[in-house]
**Q** 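Questions regarding the structure given below will be posed in turn.
As the structure is a prediction and not an experimental result, all values here were calculated from the model. A, B, ... follow the sequence lines: proteins, then strands. Residue 1 opens every chain.
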Amino acid sequence: MSIYHSITLPDSLDNLSAVLKTAPENTRILAGGTDILLELKQDIEPSIDLMVDVTSIPEMQRIEERDDQIFIGAAAPLSTIASSALINKYAQALQEACRLIGGPQVRNVATLGGNVAHALPAADGSISLLSLDASAEVLGSNGITTRKLSELYLGPGKTALLPKEVIIGFAVKKTGIGQASAFKRIMRPQGVALPILNTAIWLERDGLSIHSIRIAIGPGGPIPTRGTAAELFLIGKNPKEKIVDEAAEILLGCIKLRTSAQRASAAYRKHLCVQLFKDVLWEAWSRSEMKNS
Amino acid sequence: MDNTKYRIHFIVNGKDVDIEVDASEMLADVLRERLGLIGTKIGCNEAECGACTVIINGKPILSCTYPAVRANGKTILTIEGLAKETEEGICLHPLQEAFIKHGAVQCGFCIPGQIMTSYALLQENPSPSDEEIRYALKDTLCRCGSYPSIERAIHSAEEAMRTGKSVISPKVDDSIRAKNIIGHSHVRPEAMDKVTGKALYTDDLKFPGMLIGVTKRSGVPHGIITKLNVDAARKVPGVVVVLTAEDIPGQINHGLVIQDWPTLVGIGQKVRYVGDAIAIVAAETKEAAEEALDKIEVDYQLLPVITSAVQANEPGVEKIHESGNLLKHIKVRKGDIEKGFEESDVIIERTFHTGIVDHAFIEPECSIARVTEDGRIEVYVGSQIPYQDRSQIAAVMNMPEDRIRVKGMMIGGGFGGKEDIMGQIHAALLAWKTKRPVKILYDRHESLVVHPKRHATQITVKMGAKRDGTLVAVKTELYGDTGAYASLGEKVMTRATTHSTGPYTIPHVKADCFAMYTNNPPAGAFRGFGVLQSAFAIETTIDELAETLGIHPVEIRLKNALKVGSVTNTGQLLKDSVGLVECIDKTWAEMQRLGGDEPFKAKIDPQNPNLVRAWGLAVAFKNTGLGGGAPDKAGAEVELYPDGVVEVRTSSAELGQGLVTVLQLIAAEELGLKTKDVKVYLSDTDKTPDGGPTTASRQTYVTGNAVKGAATALRDAITSVLAEHFDIAPDKIKYIEGLAQVGEQNVTFGEIAHLMQHEGKSLIASYEYWAPKTMPLGEGGDMHFVYSYAAQAAEVEVNSITGEVKVLHVISANDVGTAINPLGLKGQVEGGVVMGLGNALTERFIVKDGYVITDRLAKYRIPSIAVTPEITSIIVEHPAGEGPFGAKGVGEVVSIPTTPAITNAIYNAVGIRVRSLPVDQELIASEINGFQIGG
């Protein structure tokens, strides 16, 4: 039995729309395929009638400036994002995350669209995009619409996208003067290559205090999660030791850290969360200072 | 629903390809099966190992998970396209040349992937740093652990490409006893095929009309088959035959020592682990074969599951075999243990746990069987014991052994994991029934679930010593989990037990081991053969004793170390070749050079106070050869051909350890030949004499001696012919640089061959070498004919917040007798450290209630280049009396002390004792930072 019966590789968004209109019920979107092909091969997913491979569509490969935003094609390989000068300049957390996903060969095919559509709560790509307040451009039966990233997740491994909806790309606002982002994660050397915990922070400073901040933690709940209460607490404050300690406590209160078998206990995650939060905050804060000058 | 076909066009290695592919066909399969480009290897088929890496439009890609239709219009480069064919012959790419010269090629299976990934890196970054190499090669796995030499090879190739000069060979110290050939570094003769993708592993063979064989597994850990119906499976289109236990012509069971392992489990019979075979299918296609598996109906009456060795030994538990759950109670007795503890000033007692570890050779198991025109069965397989494969196949087939031919293929890593029968008998059964060639290739999942692994153990050490650190009494109790079937369990746990008190002189010893059956996957041979587990226990305990007594870890080991004249715990007087003290002295000197006067003291990183570093030390010994009274012999033949080339023949396995080179060098040395004039042909039960199992670090010693004997016999035969022909005294004949010097005259080996043929003399000399007699355990005397010794020191960096552990540097000193090929030896030493590091830090094979959780390579992590430390190798050479040129075994001892060296270093850094493997960073973090796991 084959894992899918037919495959089509549309070469433009128009063709993609046309294909999706007539596609059978049991259709799946194939981007890099580094997750879905394995799940199909390993019988975790039932076989598919039609695979719509979206890696030949030029619009979905682009990484480009659009006014005050950066557009990142959903099918651009992670290696391209990781080495992009634009991403390095305007979305550093995303670049750091993309550098860490998989190995080099996997990054040459894996995509950000696939990372988000796979909907894992600690996906490095999702967490970094969440901190950057990314929006997604989604092609559906009504054409292209813009959706908030956080609206794309239903639960662990469950996307809110309809079967025939495709993420075309992501838009993130360029980090400007006084703004910066950072991403870090902690792994264990045994078992599946999923982070025990990852954290991405975007912030804007105003002199010695935080003007605005977004903290994303994975897995901090069933879907990629923001530490909203901690964000609110930090606004207007100088992130010095005591303030950061307090913020970390608040952060622990507003996310859900659970035990996952063979990966980490909730207690370990809590312990790491504080440290990771401090490290990433310090990194982003230092970067924003450099960007200030 | 039928698969849609697609016509695609791409360029591979400069050639246009126009081909029709299935929708879901992956590029690796198209390259290998349709285009015959077998250099691209499939190791895991799940995008984890990197063996299938090819370059697509300049980028390295994993071809096992790349739909072939996506390659349409693209340009592909595979390993076959890297070298240039010129009029003068093949011109290697500098990377290929550098991989050969640096000894980066061991088993060779991952090498196409390593070279292609490296090629892509150098295309993008012509002079990468170490860090950039590690980043680029992070997910291209090498189980031989060649990472340090791969890194050096890339630098060397990059330099050659920049300067346009040829690749420079590395400097590796010669043996202190180097002769003309042996003791100097030589590259492997088979490396050329391995770097060009031409080397043939079993899965690379093709026969017309070959069927695909697959195996129905029990999927339950313990039960009795109450119903088995294969009717529906037989009706699947494309299925040629489905066989069950009823179809077995001969003996049902097989096994290396005890025949307790059913080839197929029939109705009314017991399955004892999830990997038991119930039925086998041969079909025209893999799809048909797999569909048939799904249609086989099996019902079980489930039985209680025994999940650990300790549980298996409890009274009243379910019996897995009729004989009960105890495979063997192994005892070591010396002196009077109670008196010893009474005489001790201090006694400490500790308990340790080690988990199951998988060999994870990158080449999964593959067997191909076919029936020849004269009605014999040929089985092609990468096997560590071809002759025992033959006898086990013959017994089940109910055929005389000489009707079976086992032909060894290249082996993509073994490490002890290719000693047991896997698909060999099944393939033979299917081929016999269908009279067509049948291939059984395990995928990674099946390999992880089915084959025997390293024994999980529980080891308690009670150690008594005088105040000055002199060991007086050591008592150990071991439980070994041998899983569902014996495999080599008794032997492995015997080695664990006899080595459980370490390489020390101890007057009073009592060791008891319970090797137990459980419903876990079987456990058998694995590099270290039980001694990795017991070394972890004893070497941790001795560090604790040293601390308790306030004695330096080096001093306590030197004080008690085995020396010439010592008597081991089994009552063996060591007469020669005991280089342990020198290993410790040299390791300590190097440790001080690198880490200052107090390398065991924790040092905090001034840049980041969360990072703490310290060194740790451990020592080990390991027998060479089977020992324990087992007859240990090897046969070899040496034949001179009319073209002056000499062929060495023996059935001993090249697993990547470098045996081909060792045998080549020994023959060349004895015959005064150049290495290029000596060919080695291994593992063909029709054509090569039995070299015995490739296990117990024995081949250099035992088969090495057999080849030495055969080469000497051939030389003597030649000498006598020359002496007579030229009428000259035999002692006036010398063999130098591939020529016989007969007085003033030089005679080539080609001329010698003609002369001997003319005189009616045989051009073949054979020799059977019997290693020195050994004594069974419990009878005193020499339990083994020689041991190798080692000391290792590891520097670790522990993150005191996260508990993460990084190994920065390992010093590995090994007493190998004589270094026959220092370049090959370096690869064994470095690879042993990498494998030992995996055992300590990354590898955790999980079985829950008899079900394998880590059933994919994605869940079972072997070390990558990213975690490979800097490794300093120190060679110590205390010649073994009867070893060839003084050599003894090295394959295992190099991997044994790594784990306790790392865990002792962790203690020295942060004060946390690791008593269970692998190291759990969460536990370290919780103990340092005082949070409760599970809270």
**Q** Pick one of side chain, backbone, both or neither for B:V919, based on which atoms fall under 4.5 Å of a heavy atom in chain A.
**A** backbone
**Q** Under 4.5 Å heavy-atom distance to chain A, tell me which part of B:Y135 shows up: side chain, backbone, both or neither.
**A** both
**Q** What part of A:R107 gets closer than 4.5 Å to chain B, counting heavy atoms only: side chain, backbone, both or neither?
**A** side chain
**Q** Of the backbone (N, CA, C, O) and the side chain (C-beta and beyond), which part of B:T802 lies under 4.5 Å from a heavy atom of chain A, both, or neither?
**A** both
**Q** What residue in B:P67, B:S926, B:G50 has the most heavy-atom pairs under 4.5 Å with chain A?
**A** B:P67
**Q** Mind checking the CD1-SG spacing from A:I215 to A:C254? Nearest 0.5 Å is all I need.
**A** 7.5 Å
**Q** Out of B:K859, B:R444, B:R861, B:K138, which one pairs with B:E48 under the salt bridge (charged side-chain N to carboxylate O under 4.0 Å, His left out) rule?
**A** B:R861
**Q** Distance only, no hydrogens: is a donor on one side chain within 3.5 Å (strictly under) of an acceptor on the other, for A:Q105 and B:T140?
**A** yes
**Q** Go through the atoms of A:L40 and report whether side chain, backbone, both or neither lie under 4.5 Å from a heavy atom of chain B.
**A** neither
**Q** Between B:I846 and chain A, with a heavy-atom cut-off of 4.5 Å, which part of the residue counts as in contact: side chain, backbone, both or neither?
**A** side chain
**Q** Let me know if B:L121 has heavy atoms under 4.5 Å from chain A in its side chain, its backbone, both or neither.
**A** neither
**Q** Using modelled atom types and a 3.5 Å cut-off, is there a donor and acceptor pairing between side-chain atoms of B:E287 and backbone atoms of A:S2?
**A** no
**Q** Measure distances from B:T854 to the heavy atoms of chain A and classify the residue's part below 4.5 Å as side chain, backbone, both or neither.
**A** neither
**Q** Under 4.5 Å, counting heavy-atom pairs only, tell me which of B:E804, B:R856, B:E843, B:E25 racks up the most with chain A.
**A** B:R856
**Q** How long is the straight-line distance from CG of A:N26 back to OG of A:S47, given to the nearest 0.5 Å?
**A** 7.0 Å
**Q** Quick check for you: among A:P104, A:G103, A:G191, which has the greatest number of heavy-atom pairs under 4.5 Å with chain B?
**A** A:G191
**Q** Go through the atoms of B:T117 and report whether side chain, backbone, both or neither lie under 4.5 Å from a heavy atom of chain A.
**A** side chain
**Q** Show your reasoning for whether side-chain hydrogen bond (donor to acceptor under 3.5 Å, both in side chains) applies to A:N108 and A:S79.
**A** CA-CA 5 Å; A:N108 281 333; A:S79 54; 2.7 Å; yes
**Q** Would you mind telling me which of A:T55, A:L9, A:I48 has the largest number of heavy-atom pairs within less than 4.5 Å of chain B?
**A** A:T55
**Q** Can you tell which part of B:N610 gets under 4.5 Å to a heavy atom of chain A, answering side chain, backbone, both or neither?
**A** side chain
**Q** Considering only heavy atoms, which portion of B:R70 lies under 4.5 Å from any heavy atom of chain A: side chain, backbone, both, or neither?
**A** both
**Q** Heavy atoms only, distances under 4.5 angstrom: which of A:G33, A:G102, A:P77, A:S56 has the most pairs with chain B? Name it, please.
**A** A:G102
**Q** Answer yes when B:E46 and A:K41 have at least one side-chain N-carboxylate O distance shorter than 4.0 Å, and no when they do not.
**A** no
**Q** Of the backbone (N, CA, C, O) and the side chain (C-beta and beyond), which part of A:M187 lies under 4.5 Å from a heavy atom of chain B, both, or neither?
**A** backbone
**Q** Please check this pair: side chain of A:Y268 against backbone of B:A925, looking for a donor-acceptor N/O pair closer than 3.5 Å.
**A** no
**Q** Could you verify whether a donor N or O on one side chain and an acceptor N or O on the other, from B:E922 and A:S265, lie under 3.5 Å apart?
**A** yes
**Q** Identify which part of A:R258 has an atom lying under 4.5 Å from any heavy atom of chain B, answering side chain, backbone, both or neither.
**A** neither
**Q** With side-chain hydrogen bond (donor to acceptor under 3.5 Å, both in side chains) as the criterion, how do A:S260 and A:R269 come out once you've worked through the C-alpha distance, each side chain's angles and the decisive distance to 0.1 Å?
**A** CA-CA 10 Å; A:S260 26; A:R269 282 205 167 111; 2.8 Å; yes
**Q** Has B:E20 got more than 12 heavy atoms of other residues, nucleotides or ligands less than 6.0 Å from its CD?
**A** yes
